[in-house]
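Computed from a predicted structure; not experimentally measured. When a residue number appears, it is its place in the shown sequence, counting from 1.
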Amino acid sequence: MSAEPLDRPIEALAPELHAGRLSPVALVEAALDRIRRHDEMLKSFVQVSQSALDDAREAAREIRQGRWKGPLHGVPIAIKDNYLTRDMPTKAGTAVPDITFPMKDSHAVAQLRAAGAIVIGKTRLHEFAWGTVTPPTRNPWDLERVPGGSSGGSAAAVMAGLASAALGSDTGGSIRIPASLCGTVGLKPTFGRIGRSGIVPHSWSLDHAGPLTRTVGDAALLLRALSGPDPGDPSCQDRLVPDYTAALGQSLQGLRIGVCRNHFFGRNQVVVAEAIETAIGDLASIGATIRDFEVPNLEYGLGAIFAIELSSSTAYHDASLRAGLTAQFEPDVRTLVEMGRLVTGPDYLKAEQFRRVLIQDFHEAFEDLDAIVTPTTPLTAWAHDATTVEIAGGPESVLAASWRLTYPFNLTGLPAISIPCGFDRDGLPIGMQITAKPFDEAMALRVAHAYEQSHDWWTRRPQL
């Protein structure tokens, strides 16, 4: 085994753990050591589990006794701090002392524990899952730059090798944005694929749970463990959960991949635009048929998601608003929560009506397509103190820019995965987003894996 087992993906570690050539105890000790050595500068964790080593010892006993639970057994996984956990308090990124949450496992965390995973700790998020910065977490590729958000702590921890994988949540891009900026894989499954009970809500009809991982294969492993019915989440569908790894390695020959030329192209940093066009050409060279198309209604999407997200978040925080607790929120989050009061009932209903139109638009597009490819974000990681960036010859707010290409798939609930597809001149990762039909995560994983295996982007690691 490598002296640094956490530099290897779960799909490579699992056979070693199963055969007893690698101990869960050694793997967890390596994770705890890396956290001790590196997280003071990265600031990706808010808590480290005090029982992780005991859990690892129990996993080692189970494996020795022939009670192997599957490929996540004995693997250290980090949990975004808006998922409830029974052994660590949850704060959802807020420092307000009067806001507390139950000490119990969310459905997703319970699913991971049932699969034998070791919860290594809780990762930092932008307060209440707002924002795309995650202060004060640092990007492992450049400590002066942001990791993205709101799941920035999860992405930074995975890329730095402080955990083998992590959980994130995604309302407008909060898994895929940090995955793109930090160079990990980030998967937002179909709305209703993974149960969300026990996750602190942000916007009930837009929130998705999902993993951040090193490789597409690891994302497939976590997706299978996390999927299935959740009695506490009425939106979670009781559908057959396939073996997602079965789609990996399949040829792209004959697959029809769409490139939506409006909205997703034309307003990106030059290096991002060039990397995506090269990646599209690479997909064609390994068998896919590329088809350009447009969805004109996308130009109205920002107003729709803002109306839904703002009003939903304000409704969730209503008690805190009435109690005056929002005065203690971070200024950017307080502003957004209070802005939701300005969204009228007709505004909200019109936004939901538009959502149905957009869902139908993509449904019609997928009649002739198997997957859609876009950039994940129009820019690479920006400096911590930056509020605007230059894109396509003009300034743009980093908040507006960073989620511009991800939020359409929260409105539509479609599965979307971000994978690395290159680096800019400063050595910062660039992300490509692959989207598929509802509940066809296997297709998104298939396309992502084929691209991943034709390049070495996923093997690159920052020097900490």
Asker: List the steps and the verdict of ring pair (Phe, Tyr, Trp, His ring centres under 6.0 Å) for Trp130 and Tyr316.
Answerer: CA-CA 13 Å; Trp130 275 107; Tyr316 172 73; over 10 Å; no
Asker: Are Val46 and Leu125 side-chain neighbours, meaning at least one heavy-atom pair lies under 4.5 Å?
Answerer: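 Answer no - side chains too far apart.
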Asker: Kindly state each residue pair satisfying salt bridge (charged side-chain N to carboxylate O under 4.0 Å, His left out) with at least one member in residues 220-231, sequence neighbours excluded.
Answerer: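 As it turns out, the salt bridge (charged side-chain N to carboxylate O under 4.0 Å, His left out) pairs with a partner in residues 220-231, which skip direct neighbours, are Arg224-Asp243.
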Asker: Mind checking salt bridge (Lys or Arg N to Asp or Glu O under 4.0 Å) for Arg61 and listing every partner two or more places apart, or none if nothing turns up?
Answerer: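 By the salt bridge (Lys or Arg N to Asp or Glu O under 4.0 Å) rule, Arg61 matches Glu58.
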Asker: What are the two closest non-hydrogen atoms of Ala155 and Thr184, and how far apart are they?
Answerer: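 Smallest heavy-atom distance, with atoms named: O-CG2, 3.7 Å.
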Asker: Is it true that Phe264 and Phe409 have ring centroids separated by less than 6.0 Å?
Answerer: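 Ring centres of Phe409 and Phe264 closer than 6.0 Å.
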Asker: So, Lys43 and Thr137: side-chain donor and acceptor under 3.5 Å apart, yes or no?
Answerer: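 On atom types as modelled, these side chains do not qualify, holding no pair under 3.5 Å.
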Asker: Report, as yes or no, whether the 6.0 Å neighbourhood of atom CD on Glu40 holds more than 12 heavy atoms from other residues, nucleotides or ligands.
Answerer: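 No.
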Asker: Do Ser418 and Ser180 have side-chain heavy atoms sitting under 4.5 Å apart?
Answerer: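 Answer yes - side chains close enough.
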Asker: Is it true that a side-chain atom of Gln111 and a backbone atom of Ala225 form a donor plus acceptor pair closer than 3.5 Å?
Answerer: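 Yes, because the side chain of Gln111 sits within donor-acceptor range (under 3.5 Å) of the backbone of Ala225.
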Asker: Is Thr406 reaching over with its side chain to a backbone N or O of Trp403, donor-acceptor style, under 3.5 angstrom?
Answerer: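 Yes: the side chain of Thr406 pairs with the backbone of Trp403.
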Asker: Give a yes-or-no answer on whether the side chains of Ser150 and Lys80 include a donor-acceptor pair shorter than 3.5 Å.
Answerer: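 Yes, because at least one side-chain N or O of Ser150 sits under 3.5 Å from a partner of the opposite role on Lys80.
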Asker: Quick check for you: to the nearest 0.5 Å, what is the distance between Leu167 atom CG and Leu226 atom CG?
Answerer: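 CG of Leu226 is found 5.5 Å from CG of Leu167.
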Asker: Taking Leu143's backbone N and O only, do any of them form a donor-acceptor pair with Arg138's side chain (distance below 3.5 Å, no angle check)?
Answerer: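 Here the side-chain-to-backbone pair exists.
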Asker: By salt bridge (Lys or Arg N to Asp or Glu O under 4.0 Å), which residues pair with Asp424, not counting sequence neighbours?
Answerer: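 Scan of Asp424 (salt bridge (Lys or Arg N to Asp or Glu O under 4.0 Å), adjacent residues dropped) gives none.
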Asker: Test of understanding: with salt bridge (Lys or Arg N to Asp or Glu O under 4.0 Å), list the residues that count as partners of Arg86, not counting sequence neighbours.
Answerer: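 Only Asp105 meet the salt bridge (Lys or Arg N to Asp or Glu O under 4.0 Å) criterion with Arg86.
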Asker: Judged by modelled atom types alone, do Asp282 and His455 share a side-chain donor-acceptor pair under 3.5 Å?
Answerer: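 Yes, side-chain donor-acceptor contact under 3.5 Å.
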Asker: Among Pro189, Pro242, Ser227, whose side chain to side chain contact (heavy atoms under 4.5 Å, CB included) with Glu441 holds?
Answerer: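 For Glu441, the side chain to side chain contact (heavy atoms under 4.5 Å, CB included) test succeeds with only one of Pro189, Pro242, Ser227, which is Pro189.
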Asker: Tell me if a side-chain donor or acceptor on Ser151 pairs with a main-chain N or O of Ser169 at a distance below 3.5 Å.
Answerer: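 Between the backbone of Ser169 and the side chain of Ser151 there is a qualifying donor-acceptor contact (under 3.5 Å).
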Asker: Assess, by modelled atom type and distance only, whether the side chains of Ser154 and Thr123 contain a donor and an acceptor separated by less than 3.5 Å.
Answerer: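 Yes.
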Asker: So, using salt bridge (Lys or Arg N to Asp or Glu O under 4.0 Å) as the criterion, who are the partners of Glu29 when residues are at least two apart?
Answerer: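 For Glu29, no residue satisfies salt bridge (Lys or Arg N to Asp or Glu O under 4.0 Å) once neighbours in sequence are set aside.
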Asker: Could you tell me whether Asp87 and Arg113 make a salt bridge, using a distance below 4.0 angstrom between a side-chain N and a carboxylate O?
Answerer: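 Here Asp87 pairs with Arg113 in a salt bridge, since their nearest N and O are under 4.0 Å apart.
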Asker: Are the side chains of Trp204 and Ser312 in contact, using a 4.5 Å heavy-atom criterion?
Answerer: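 Side-chain contact under 4.5 Å: no.
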Asker: When rounded to the nearest 0.5 angstrom, what is the spacing between CG in Asp39 and CG in Leu464?
Answerer: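 Between atom CG of Asp39 and atom CG of Leu464 there are 10.5 Å.
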Asker: Is there a donor-acceptor pair under 3.5 Å between the side chain of Arg425 and the backbone N or O of Val271?
Answerer: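 A pair under 3.5 Å: no.
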Asker: I'd like to know if Arg145 and Asp142 make a salt bridge, using a cut-off of under 4.0 Å between side-chain N and carboxylate O.
Answerer: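 A salt bridge links Arg145 with Asp142.
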Asker: Kindly compute the distance separating CH2 (Trp458) from NE2 (His449), expressed to the nearest 0.5 Å.
Answerer: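 The NE2 atom of His449 is 8.5 Å from CH2 of Trp458, to the nearest 0.5 Å.
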Asker: My understanding is that only residues two or more places apart in sequence, or in another chain, count here; which of them pass side-chain contact (heavy atoms from CB on, under 4.5 Å) with Asp33?
Answerer: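 With neighbours one apart ignored, the set is Arg36, Arg37.
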Asker: Side chains of Leu6 and Leu27: does their closest heavy-atom pair fall under 4.5 Å?
Answerer: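 Yes. Closest side-chain heavy atoms under 4.5 Å.
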Asker: Output every pair passing ring-ring contact (aromatic ring centres under 6.0 Å, His included) with a member in residues 168-193, not counting sequence neighbours, ordered by first then second residue.
Answerer: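 Every pair satisfying ring-ring contact (aromatic ring centres under 6.0 Å, His included) with a residue in residues 168-193: Phe191-His208.
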Asker: Roughly how far, to the nearest 0.5 Å, is the CG atom of Asp170 from the CG atom of Leu206?
Answerer: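 Going from CG on Leu206 over to CG on Asp170, the span is 10.0 Å.
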Asker: Closer than 4.0 angstrom, basic N to acidic O: yes or no for Arg196 and Asp233?
Answerer: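 Yes, this pair counts.
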Asker: May I ask you to decide if Ile10's main-chain N or O and Asp218's side chain share a donor-acceptor pair within less than 3.5 Å?
Answerer: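 Indeed, once roles are kept as given, a pair shorter than 3.5 Å links the two residues.
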Asker: To the closest 0.5 Å, what do you measure between NZ (Lys122) and CD (Gln47)?
Answerer: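 One gets 6.0 Å once the value is rounded to the nearest 0.5 Å.
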Asker: If you draw the axis of the six-membered ring of Phe439, does the NZ or CZ of Arg239 fall within 45° of it and under 6.0 Å from the ring centre?
Answerer: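 Verdict for Phe439: a cation-pi partner in Arg239.
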Asker: State which residues pass side-chain contact (heavy atoms from CB on, under 4.5 Å) with Ala220; sequence neighbours excluded, sorted by chain then number.
Answerer: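 Counting only residues at least two positions away or on another chain, Ala220 forms a side-chain contact (heavy atoms from CB on, under 4.5 Å) with Tyr244, Thr245, Leu248, Leu445.
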Asker: My understanding is that only residues two or more places apart in sequence, or in another chain, count here; which of them pass side-chain contact (heavy atoms from CB on, under 4.5 Å) with Arg461?
Answerer: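 Scan of Arg461 (side-chain contact (heavy atoms from CB on, under 4.5 Å), adjacent residues dropped) gives Met159, Arg214.
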Asker: Among all residues two or more places apart in sequence or in another chain, which pass the ring-ring contact (aromatic ring centres under 6.0 Å, His included) test with Trp141?
Answerer: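 In terms of ring-ring contact (aromatic ring centres under 6.0 Å, His included), with neighbours along the sequence ignored, Trp141 is linked to Phe423.
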Asker: Using side-chain heavy atoms (C-beta onward) and a distance below 4.5 Å, is Asp207 in contact with Ile199?
Answerer: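 Asp207 does not reach Ile199 side chain to side chain.
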Asker: Applying salt bridge (charged side-chain N to carboxylate O under 4.0 Å, His left out), which residue pairs with at least one partner in residues 253-276 are found, sequence neighbours left out?
Answerer: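 Every pair satisfying salt bridge (charged side-chain N to carboxylate O under 4.0 Å, His left out) with a residue in residues 253-276: Arg256-Asp370, Arg261-Glu277, Arg261-Asp292, Arg267-Glu396.
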Asker: Check for a donor-acceptor pair, side chain of Thr377 on one end and backbone N or O of Leu379 on the other, with a separation under 3.5 Å.
Answerer: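 Between the backbone of Leu379 and the side chain of Thr377 there is a qualifying donor-acceptor contact (under 3.5 Å).
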Asker: Would one find more than 12 heavy atoms of other residues, nucleotides or ligands at under 6.0 Å from atom CZ of Arg356?
Answerer: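 Incorrect, the count does not exceed 12.
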Asker: Would you say the side-chain atoms of Arg176 and Asn410 include a donor-acceptor pair closer than 3.5 Å?
Answerer: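 Yes.
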Asker: Any side-chain donor-acceptor pair under 3.5 Å between Gln433 and Thr374?
Answerer: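 The criterion, which ignores hydrogens and geometry beyond distance, is satisfied for Thr374 and Gln433.
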Asker: Under a 3.5 Å cutoff, is there a donor and acceptor pairing between the side chains of Thr171 and Glu309?
Answerer: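 Side-chain D/A pair, Thr171 to Glu309: absent.
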Asker: How many angstroms lie between CG in Asp81 and OG1 in Thr90, if you round to the nearest 0.5 Å?
Answerer: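 Separation between the atoms: 5.5 Å.
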Asker: Using side-chain contact (heavy atoms from CB on, under 4.5 Å) as the criterion, list what pairs up with Ile63, not counting sequence neighbours.
Answerer: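 For Ile63 the side-chain contact (heavy atoms from CB on, under 4.5 Å) partners, ignoring immediate neighbours, are Pro24, Trp68, His73.
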Asker: Measuring only between side-chain heavy atoms, which start at C-beta, is Val75 closer than 4.5 Å to Ile118?
Answerer: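 Counting from C-beta outward, Val75 and Ile118 never come under 4.5 Å.
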Asker: Quick one: does Asn268's side chain have a donor or acceptor within less than 3.5 Å of a partner on Ala273's backbone?
Answerer: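 Looks like no, no N/O pair under 3.5 Å.
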Asker: Is there side-chain contact between Ile175 and Leu187, with at least one heavy-atom pair below 4.5 Å?
Answerer: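 Ile175 does not reach Leu187 side chain to side chain.
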